[in-house]
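Structure, as structure tokens:
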Amino acid sequence: NGRADGLDKETRTAVCKAFCETIENSGFTAGVYASKSWLDNNLNTDELDGYTTWLAQYSSKATYDGDYGMWQYTSAGTIDGINTLVDFNASYMDY
């Protein structure tokens, strides 16, 4: 039910690329955050190779075929002192 739901893959990819270019032109590192199925079905990810992918796939093993710099593997993590569930992520990036 989002504003961009009717976009085709090409347009959606161009929008992501323009956003990433704007962020990087401002001196920051840009990337795309999405679920495995969204990446597979809604973007031409090969056109975004220059940007980091932050993969959201809630499982014990990531099965996404593309490259990714971060993996969000659960939204049901617990941390002492925090009373709500939290996301857990693994980063493979060299900061």
Side-chain angles (χ1 to χ4, degrees):
N1 296 330
R3 293 184 294 199
D5 286 352
L7 297 179
D8 59 27
K9 272 183 152 182
E10 291 74 22
T11 303
R12 189 175 285 114
T13 302
V15 169
C16 287
K17 193 171 185 176
F19 172 81
C20 288
E21 287 173 359
T22 300
I23 295 301
E24 293 211 336
N25 287 339
S26 297
F28 299 97
T29 301
V32 175
Y33 169 83
S35 69
K36 176 187 183 298
S37 63
W38 207 86
L39 290 164
D40 286 341
N41 297 311
N42 295 296
L43 290 175
N44 295 321
T45 54
D46 56 327
E47 294 181 33
L48 300 169
D49 281 344
Y51 306 106
T52 298
T53 297
W54 182 358
L55 172 66
Q57 184 181 5
Y58 300 158
S59 63
S60 60
K61 180 181 177 188
T63 58
Y64 178 61
D65 289 331
D67 293 332
Y68 52 94
M70 293 182 67
W71 171 34
Q72 185 175 87
Y73 55 90
T74 187
S75 62
T78 58
I79 302 282
D80 289 343
I82 299 177
N83 296 326
T84 60
L85 297 177
V86 297
D87 298 339
F88 281 0
N89 301 273
S91 176
Y92 308 103
M93 297 171 58
D94 182 13
Y95 296 100

- Do Gln57 and Ser35 get their side chains close enough for a donor-acceptor pair, meaning under 3.5 Å? no
- To the nearest 0.5 angstrom, please state how far the OG1 atom of Thr11 sits from the CG atom of Asn44. 10.0 Å
- What one should report as the nearest heavy-atom pair of Asn41 and Lys9 is O-CE, 3.3 Å
- Check the pair Phe88 / Ile79 against side-chain contact (heavy atoms from CB on, under 4.5 Å), numbers first and verdict last. CA-CA 10 Å; Phe88 281 0; Ile79 302 282; 3.7 Å; yes
- Item | Ala62 versus Ser59, closest heavy-atom pair with distance | N-OG, 4.3 Å
- Within one Ile-Leu-Val-Met-Phe-Trp-Tyr cluster: Met70 and Tyr58, side-chain cutoff 4.5 Å: yes
- Query: Is there a chain of hydrophobic side chains (I, L, V, M, F, W, Y, each step under 4.5 Å between heavy atoms) that links Tyr51 to Trp38?
  - Reply: yes
- Task: Mind checking the SG-CG spacing from Cys16 to Leu43? Nearest 0.5 Å is all I need.
- Result: 5.0 Å
- Using the side-chain contact (heavy atoms from CB on, under 4.5 Å) rule, take Ser75 and Leu85 through it: C-alpha gap first, then chi angles, then the decisive distance, then the call. CA-CA 7 Å; Ser75 62; Leu85 297 177; over 6 Å; no
- Residue list, side chain to side chain donor-acceptor pair (under 3.5 Å) with Trp54, at least two apart or on another chain: Asn89
Donor-acceptor contacts under 3.5 Å from residues 24-32 side chains, at least two apart:
unit_1: Glu24; atom_1: OE2; unit_2: Ala30; atom_2: N; d: 3.4
unit_1: Asn25; atom_1: ND2; unit_2: Glu21; atom_2: O; d: 3.1
unit_1: Ser26; atom_1: OG; unit_2: Thr22; atom_2: O; d: 3.1

- Query: For Asp8, does the CG atom sit with more than 12 other heavy atoms under 6.0 Å from it, leaving out its own atoms?
  - Reply: yes
- Pairs involving residues 37-51, ordered by first then second residue, that meet salt bridge (charged side-chain N to carboxylate O under 4.0 Å, His left out) (sequence neighbours left out): Lys36-Asp40
- Item | Same apolar cluster: Val86 and Leu55, side chain cutoff 4.5 Å | yes
- Tyr33 and Gln72: CA distance, side-chain angles, deciding distance, side-chain contact (heavy atoms from CB on, under 4.5 Å) verdict: CA-CA 9 Å; Tyr33 169 83; Gln72 185 175 87; 2.7 Å; yes
- Task: Mind listing the closest non-hydrogen atom pair of Met93 and Thr52 along with its distance?
- Result: SD-CG2, 3.7 Å
- Please report the C-alpha distance between Thr53 and Asp67 in whole Å, then the side-chain angles of each, then the deciding distance to 0.1 Å, and finally whether the side-chain contact (heavy atoms from CB on, under 4.5 Å) criterion is met. CA-CA 7 Å; Thr53 297; Asp67 293 332; over 6 Å; no
- Is there a side-chain contact between Tyr92 and Trp71 (heavy atoms, below 4.5 Å)? yes
